Amino acid sequence: MTLSAMASLWSKISAILPPNEDQFPLQFSDKVESSVVEMLKWSRQQLYHDTVSTSHMLLAQIILDISWERLNTGTWRHVDKEWRRVYSYGCLFKVASLCRNSPTEDDILEAVRTCDMGLLMGAAIMDNILQRIVRILQNKIRKAAKEEAEDDHAKVKRIKPESRLFPVIKEELAVPRLKCPSLENFNRNYLLPLKPVILEGVIDHWPAFNKHFWSIEYLRSLAGCRTVPVEVGSRYTDEDWSQTLLTVNEFIDRYILNRDGVKTVGYLAQHQLFDQIPELKEDICFPDYCCLGDGDEDNITVNAWFGPGGTVSPLHHDPQQNFLAQVVGSKYIRLYSPEDTDKLYPHQSQLLHNTSQVGLTVRRDSTC
Amino acid sequence: MRWFGFGFNAFGQICVQEEAESSSNAANEVKVISPTELSSHGDRSGCRGRICRIRASWSSRACLHLDEESCACLAGFATFISSEFRGCKDAFITESFLTLAFPDRVESWDLQKKEKTPSWTMEIKTQSESSDVNLPLVPGGYVALKPPIYHSLSPRLKAKSLALGAEHSILLTATGVVFTWGMGSHGQLGHGDLTSEEEPRAVEALWGMPMSSVASGGWHSVCISDGGDLYVWGWNERGQLGLPSRGLRKTAQQQQQNSSQQAGASCQEASTSSCEGLQEEQKHEEVFISIQAFPALLDVAPSCEIQTVSCGSRHTAAVTTVGDLYTWGWGDYGQLGHQTLASLDEPQRVEFFKTEQMRVVDVVCGTWNTFAAAVKEEVACT
């Protein structure tokens, strides 16, 4: 192979882009004003010109800035999907600009970050092209990292269970445990009467416990450079709680391994990590019991929760039935019957109406 | 009086390159960082005479010539409609509409559709109705940023002027009372919380202090009191309120880190410096404000009175009674006029006019740019 490594990166990306300007779609509803569409057309034109021009990045940034302003207008729920698509196009043009002419390692990391911003804030365009591009970029990064670490046979470190005190749970209050119950047993005795239950043995076969044992090293190698949303602060009802964006590497360094000595808690919470990083999805399986829920399988939301000890989700209820699969570490869970809702003083505000105003504290050595 | 523009210019709304080819739009200098005098449109329309007023959107600019024969002319994206409108007395331009006020009517042109006629018209019948027109205010209501174009307003409000933000509105009444309504999630309504208001609600914190003008950015509001004090509230994400902004400091820190990484510093060093940065923050215990939900008095410059204020989406520009122009907020496109692309969370004087010995008399902001009118100082300052 005589092509330089970086040139082959651009040829791989070019290969999944439309072959020419005419076949590059830019269709929007009239929610997107003509002036913005004009800007998008200029960017598209630049993409298919051979010219090495500094304006590629500039035009992409204009599209990102104007769509960012629209994404911050009105409530997130009501933001028109068209503007999220515009944002994704901005990300696409920026990635092209970064990868086109001898990108450095930093350029590639910035391109991965840009794809992630598009996946997090944008809406899928051109057959989810950002997802396909980030795959190409990640392969490049992993290959480079492998070459660097060839002499370094680091052992896969299992995350040690913390030696800590656990609350002792009174037998009569404990959530019952069943080993691999039949679908019928689970449905009749637990799902329909809305009784919580712990299912044991049901996820032992997951690759996350076997072939691709989930460790910090494994997560880093798979997704270290990917950007994820992190909640900072003890709980989302606190005044100083906030959300930020970090790479998985930064999150692990600062909040799991605590390398900075930062005192606050950081939680990768309720994030559709498996959509962002499809390779991780292959390590888990949907429990058969999910088919018993209302609605079809497309209504199953899969979220990931990854954090250090000491993260707290305040007492709340969810609109959907949940399966919580604990893969690494342990979690203490307190449940109350929906009949006790009034005694749990839900917040009045629209934003927190599913959350109790009662702060629960659990002493680690106490009996509950 | 001469008008100068600086900031976002991708559509040529400040100035156009002489040799701009038809398809190569990148030939326009996208970021005009140095205040540039607006040309007298020698190349295009017949609009002559001095520019009295300017209105600007993200992609376009409208100039009003009101001396002998009033006329409006356009620059930037919207010129595809026409480059001039004779007899026009006022203009209001957004990305969706161009609204023009004539002595006998108000009309709106839809910028999405390339039609030969305006998409909305309102007749002006009487002299008193004519004085009700102060765009976007029109008799009985106002024209909005996007469809539906017309919204009615209660006559009890006695609306004198109206400013429209991305998701809120701020109104000044004939008696100097400020009303706000719309989304409140960024504190832009000034009622002390983040709830939205469907109907105009008086800003109680300003009660008893008559205001003389109001202006609105994307997510922030400003007003000037009769005594020349400036009040600000809303989102301070880029320092547009002139109050300490965490978002600004973080970006500046990241930019410093990026340049040190490029210089060859290892990842280990970079993480140490970010740790130091955090510790420094904790030491100084600086109070950052990201949302200001109540009006706050902003000290623009020591012992000065504010005459005029205008806002872009995330920046603010103010003219003092002695003719200085101060700007602050988002600066990525050069819209602050300090000949850099830095954003600022503290008001800073635009030195260009001082250097040129000019006194600034008016300022109008487009979404990402700023236009200032200035006259030559008659007496040199000592």
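Just so it is clear, the structure is predicted and the values come from calculations on it, not from any experiment. Labels below follow one simple rule: chain letters A, B, ... track the order of the sequence lines, proteins then strands, and each chain is numbered from 1.
If you measure heavy-atom distances from B:K31 to chain A, the contacts under 4.5 Å come from the side chain alone. With a threshold of 4.5 angstrom between heavy atoms, B:E237 approaches chain A through side-chain atoms but not through N, CA, C or O. Of the two parts of B:T367, only the side chain, counted from C-beta on, holds a non-hydrogen atom closer than 4.5 Å to a non-hydrogen atom of chain A. For B:S185, no part lies under 4.5 angstrom from a heavy atom of chain A. Looking at B:H186, only its side chain comes within 4.5 Å of chain A, counting heavy atoms on both sides. Using a 4.5 Å cut-off between heavy atoms, A:N72 touches chain B through backbone and side chain atoms alike.
Residues B:Y333 and A:I62 come closest through the heavy atom pair OH-CA, 3.4 Å.
Side-chain atoms of B:Q112 come within 3.5 Å of backbone N or O of A:D30 as a donor-acceptor pair. Counting only distance, with no hydrogens or angles, the side chain of B:E167 and the backbone of A:G74 share a donor-acceptor pair below 3.5 Å.
For A:Q23, the CD atom counts as densely surrounded, since its 6.0 Å shell holds more than 12 non-hydrogen atoms of other residues, nucleotides or ligands.
Between B:W219 and A:W68, the ring planes lie perpendicular to each other; the angle is over 60°, past the 30° to 60° tilted range.
Interface summary for chain B: among A:D65, A:L58, A:V36, the most heavy-atom pairs under 4.5 angstrom belong to A:D65.
Within the 4.5 Å cutoff, side-chain heavy atoms of A:T75 are placed close to those of B:M183. Annotation: side chain of B:F8 is not in contact with side chain of A:I66 (no heavy-atom distance under 4.5 Å).
The distance from the OG atom of A:S35 to the CD atom of B:Q13 is 10.0 Å, given to the nearest 0.5 Å.
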### Task
List the steps and the verdict of side chain to side chain contact (heavy atoms under 4.5 Å, CB included) for A:M39 and B:W58.
CA-CA 12 Å; A:M39 188 65 68; B:W58 178 67; 4.1 Å; yes

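Between A:E69 and B:R314 there is a salt bridge, since a side-chain N of the basic residue sits under 4.0 Å from a carboxylate O of the acidic one.
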